[in-house]
Amino acid sequence: MAIHGNFASDAGAVMFSTNTSTSTFSCNAQTSASKLTSTCPASLWSNNTVSKNTTLALYGYGTAVASLPASIVLDVAPMTNYVSNGNVKLPLTVYVLDQGGLNVTSGTLRASVSVATAGNNSSSGNGSDPLLYGQTEAYADPFGVITITDMMLSAVPGAYTLMVSLPDYPTTQVPPESRPLTVRACTLGEVQPSNDTCMTCPVTTYSFTPTASKCIAPCPANANSSGGATVVPALGYWHSAPNSTYMAACPNGGACQGDRSALLACQNASYMPLMTSGQLQSMPNNCSLESAVDSTDQLSYMRQQCSPDYYGPLCALCLRQDSSGRAYGRTGTWSCQHCRHRGTIIAAYAVSFVLVLLFLMYTICVTIRENSEAWESDSHNTGGAELIRVVTVWLQYMSILGNVNIPAPGTVHWMFSVASFAFSSITSGSLSLDCLIRAGPLRPALKRLLVHLAVPVINLFLLSAWQLLWWSRSQLRRAQTAFVTNPVQSAPAAFVHSAAPSQSASAELRQRLLVTLLAVLFYYYPSLLTNAWSLFACYKVDRLSGVTYPQNSRAAWAQGYWVSDMTLPCFTGLHLNGSMALGVPLLFLVCLVIPLLPALLLMQHRTHLDSPFTRLRLGFIYHPYKPSFWYWETIVLVQTLAFVASQVLAISLDSYFQLAIMLMVLLVGFAVLAHLQPFDSSLAQNKQVLGAFTILATAVGCLYFIDVNNVASDAGQDAAGILVLIVNAWFVLWLTALITKASMADVKQRAVWLWQTSKTISRQSSRVYNRLSSSLSRARSSDGSTDGKSSALIGRFLSLVQTCFGGRSNSAAVSQDGNLFA
């Protein structure tokens, strides 16, 4: 039938049904109430209006037909991992539908929310009922939408059910609608003040124990925190795990300069539960929190603690190659540097090796010459050898001081680099040996150690071969001329390497080999000590006492970690095998055999040091010293032993205490040297005292640079660095002048000898030629025996050759009548 012009105040101008399930409408076709507005043509039902905007009919609760609210629809999915902390809201959007499934948009609609414990809630019966608070009721807007935005739940972890009902309608008419809700337990970065509350730790506090009642404050020393479970080391510090609370100071602070804001973002992104509390704005995916301590992956949290060219525990390992292909190598105990061109490194090491070899050859020659001169003149003139010794000791001690991690100005580091260059064939210096070592099964630290130990052996072998070669050629020359002339006496001893007349050939060879051995051992002694002690040098990383969450530390090995390779725990596994098999024999060699060797060589001769035999064989060991201090060479080696041991074994201490121990060793040595005055010559004593003072002054200056409290200004430190450089430069220039003066006298002596010898040879050559010509003429005209004349001629020729070199005729070699071996 046609219905036109009806009016209703709310809805249903044609019909308002209280139960559409019992109503049937026919409008050209049988249809349900929810379809009437779309199926009945306007020609049948027209001009039926309500007091509200007619456009609302399109949204439900129609103009023509309407009914009472019949159901509730919730626009929210089941909620899981809700955090009961008084901050997380439970937003709900509620729609009420009529019996035809249309949205109810008129009338007073009020929704109420309640909560009930789910039947399988594991936390039921714990004495704490769930509680909804805040906005638990709301009214519909003009469009019939009920929105709840400020409702929160306080409940213990478990499963619950949210119930939404219309309190103004009986539940038989409008059944309540429910949604499941799960309250999660407190997690990392939260604490539990009560059993129904999880509170996220605020900024500058942290917690790794969800069941704790309060957060830990303040942050660990030398750490930063953005709250929750985030704990990030300050610049210059490192921790062994993202949740480790012990911040270890990096021996090289510049190695631990990774982006701390990136570390905080990495931790926050990895602690997913914090997302629900609204503390995170974004979740970066460029980091991996779970990674090995020595990971080299750029995305790993442990790697990002370090500067670009470092990685590993305390950022003490050098990255072999970065993502761009740039290689790095170890240039000090804790420092790394990008590799130079391979050819440049090889050339530099080759040149340094040759220079060191030539320096040792010169040292050996000067020592042998001065020992021979001292034997012949019964004097103790060993100025050249002593100058070489002073220079060597200065270079050694400067190089050792340079191994300490001192934040000195560039001028002082430059001086240490110059000193280290003299030993660059055995130390890294400014060029890294790692850049030459190929990857393989053997660790780079072990390869470096073997190379450092091999270099002194190679040099000793080459120098010994040089001595054997000279000795064999000398013996050949003497055999060829023994029947003609005595050994030349006019030439300088060091130029012709002549043996003392009373010394046999084998004794001379033994002496030269002994001088070579002691020269090599003395020169390389600090290097041998450093490598021997370094096998036992360990560094403790994590401290467990007085630290919260000590169980989170991953670098807490009680014996520490090997300084040369911080991934190896000390005295277990590979390190134990290496230190016992190689370290113990090396320590026996460098701590007992080498220091005691000079004293043991002299022990049986100590009562007759002035005898010709002792002075000729061993005088070079004790000539510089007073007779009562014949053992002083051993004292010098023992001081070097103590100095190197304090530098290597005290490496686990702060640089200040490490340098203080080394300074104590220097002070004791200086006091003993100045008080006992063991040198026979006052000039030699003054040289040694001045050298010891220069080293001592440098160590004191380095102590000034370790300014823990930042008292000194940059200008003050630069001024102190320049002063230290001036003291050392003056000492080096003074030594250079003394060496030049001594060398010039020797060069002048050799030049005079060469000039006189060349004049004699020129003069005698003319005489020889004239005599030979005359003799040959007489031989041709004579009728005598040819053999006899030839023998006489040869005898005269040899006699003339001997005369050319200033010798006298030897009747045992050439007889008066010219016959050989008369």
Suppose we call two aromatic rings close when their centres sit under 6.0 Å apart. Are Phe536 and His575 close by that rule?
no
Flag if over 12 foreign heavy atoms under 6.0 Å of CE, Met580
yes
Self-check item: Non-hydrogen side-chain atoms of Leu401 and Thr698 separated by less than 4.5 Å
Solution: yes
Between Met152 and Gly86 the two heavy atoms that sit nearest each other are SD-O, 3.2 Å
Notebook entry, point to check: So do Tyr237 and Val232 actually touch side chain to side chain, heavy atoms under 4.5 Å?
Noted result: no
Ring pair (Phe, Tyr, Trp, His ring centres under 6.0 Å) test vs Tyr539 passes for just one of Trp334, Tyr561, Trp562, Trp557, namely Trp334
Requested in this report: Under the disulfide bond (SG atoms under 2.5 Å apart) rule, what do Cys315 and Cys250 come out as? Steps first, then yes or no, please.
Outcome: CA-CA 7 Å; Cys315 301; Cys250 297; 4.9 Å; no
In this structure, CE of Met664 is separated from CE of Met662 (nearest 0.5 Å) by 13.0 Å
Residue set satisfying disulfide (SG to SG under 2.5 Å) with Cys219, at least two apart, ordered chain then number -> none
TODO: Could you tell me whether the side chain of Ser307 and the main chain of Gly254 form a donor-acceptor pair under 3.5 Å?
DONE: yes
Shortest non-hydrogen pair, Glu190 vs Arg184, comes out as OE2-NH2, 2.7 Å
When rounded to the nearest 0.5 Å, the distance separating CE of Met199 from OG of Ser84 is 13.0 Å
Quick check: does any side chain N or O of Thr572 sit under 3.5 Å from a backbone N or O of Pro569, one acting as donor and the other as acceptor?
-> no
Closest heavy-atom pair, Ser240 versus Ser244, reported as atoms and distance to 0.1 Å, is OG-OG, 3.8 Å
One should read off an interatomic distance between Asn222 CG and Tyr246 OH, to the nearest 0.5 angstrom, of 9.0 Å
Quick note, salt bridge (charged side-chain N to carboxylate O under 4.0 Å, His left out) partners involving residues 539-568, not counting sequence neighbours, are Arg443-Asp565
* Taking the side chain as every heavy atom from C-beta outward, state whether Leu453 and Leu528 have any pair of such atoms under 4.5 Å apart. => yes
The reported gap from SG in Cys336 to CZ in Arg320 (rounded to nearest 0.5 angstrom) is 12.0 Å
Would you say the side chain of Met398 lies within less than 4.5 Å of the side chain of Phe416, judging by non-hydrogen atoms? yes
Between Leu317 and Gly312, the two heavy atoms sitting closest are CD1-CA, 4.2 Å
Determine whether Met79 and Thr182 make a side-chain contact, defined as any pair of heavy atoms from C-beta on separated by less than 4.5 Å. no
Answer yes or no: is there a donor N or O on one side and an acceptor on the other, between the side chain of Asp434 and the main chain of Arg330, under 3.5 Å? yes
Tell me whether the count of non-hydrogen atoms from other residues, nucleotides or ligands lying under 6.0 Å of CZ in Phe657 goes above 12. no
*Are side-chain N/O atoms of Asp297 and Ser295 paired as donor and acceptor at under 3.5 Å?*
no
Checklist entry - Does the side chain of Ile406 reach to within under 4.5 Å of the side chain of Leu659, using non-hydrogen atoms? => result yes
Any non-hydrogen side-chain atom of Arg260 less than 4.5 Å from a side-chain atom of Leu235? yes
For the residue pair Ser534 and Thr530, confirm or rule out a side-chain donor-acceptor distance under 3.5 Å.
no
**Request:** Just do the side-chain contact (heavy atoms from CB on, under 4.5 Å) check on Thr296 and Gln321 with the steps written out, would you?
**Result:** CA-CA 9 Å; Thr296 58; Gln321 196 173 50; over 6 Å; no
(message) Looking at Gln658 and Gln647, would you say the former's side chain and the latter's main chain have a donor-acceptor pair under 3.5 Å?
(response) yes
- Task: Could you give me the CA-CA distance, side-chain angles and deciding distance for Gln267 and Tyr301, then say whether side chain to side chain donor-acceptor pair (under 3.5 Å) is met?
- Result: CA-CA 8 Å; Gln267 287 193 13; Tyr301 176 88; 2.8 Å; yes
Taking every heavy atom of Leu181 against every heavy atom of Val183, the minimum-distance pair comes out as CD2-CG2, 3.6 Å
For atom CD of Glu290, decide whether the heavy atoms of other residues, nucleotides or ligands shown that lie under 6.0 angstrom number more than 12. no
In short, ring pair (Phe, Tyr, Trp, His ring centres under 6.0 Å) pairs touching residues 302-325 with sequence neighbours left out are none
Just by distance, do the side chain of Arg342 and the backbone of Leu436 share a donor-acceptor pair under 3.5 Å? yes
*Starting from the C-alpha separation in whole Å, work towards a yes-or-no answer on side-chain contact (heavy atoms from CB on, under 4.5 Å) for Leu74 and Thr93.*
CA-CA 6 Å; Leu74 300 180; Thr93 301; over 6 Å; no
Would Ser154 and Asp196 count as a side chain to side chain donor-acceptor pair (under 3.5 Å) here? Give the steps.
CA-CA 6 Å; Ser154 175; Asp196 59 355; 3.0 Å; yes
Open item on the list: Whether the side chain of Gln337 engages the backbone of Thr331 through a donor-acceptor N/O pair (distance < 3.5 Å, no angle test) should be reported.
Closed with: no
Between the CD atom in Gln717 and the CD1 atom in Ile706, the distance rounded to the nearest 0.5 Å is 10.0 Å
In this structure, CG of Asn87 is separated from SG of Cys198 (nearest 0.5 Å) by 11.5 Å
Is the closest side-chain donor-acceptor distance between Ser194 and Thr197 under 3.5 Å? yes
- Exam field: side chain Thr136 to backbone Val113, donor-acceptor pair closer than 3.5 Å: no
Open item on the list: Before you tell me yes or no, could you show the steps for Thr209 and Tyr549 under side chain to side chain donor-acceptor pair (under 3.5 Å), namely the whole-Å CA-CA distance, both residues' side-chain angles and the distance that decides it to 0.1 Å?
Closed with: CA-CA 9 Å; Thr209 307; Tyr549 304 105; 2.9 Å; yes
For Lys89 and Tyr82, the nearest pair of non-hydrogen atoms, with its separation, is O-CE1, 4.1 Å
Per side chain to side chain donor-acceptor pair (under 3.5 Å), Tyr206 is matched among Asn243, Thr230, Thr548, Thr245 by Thr548
Taking the side chain as every heavy atom from C-beta outward, state whether Gln305 and Pro233 have any pair of such atoms under 4.5 Å apart.
-> yes
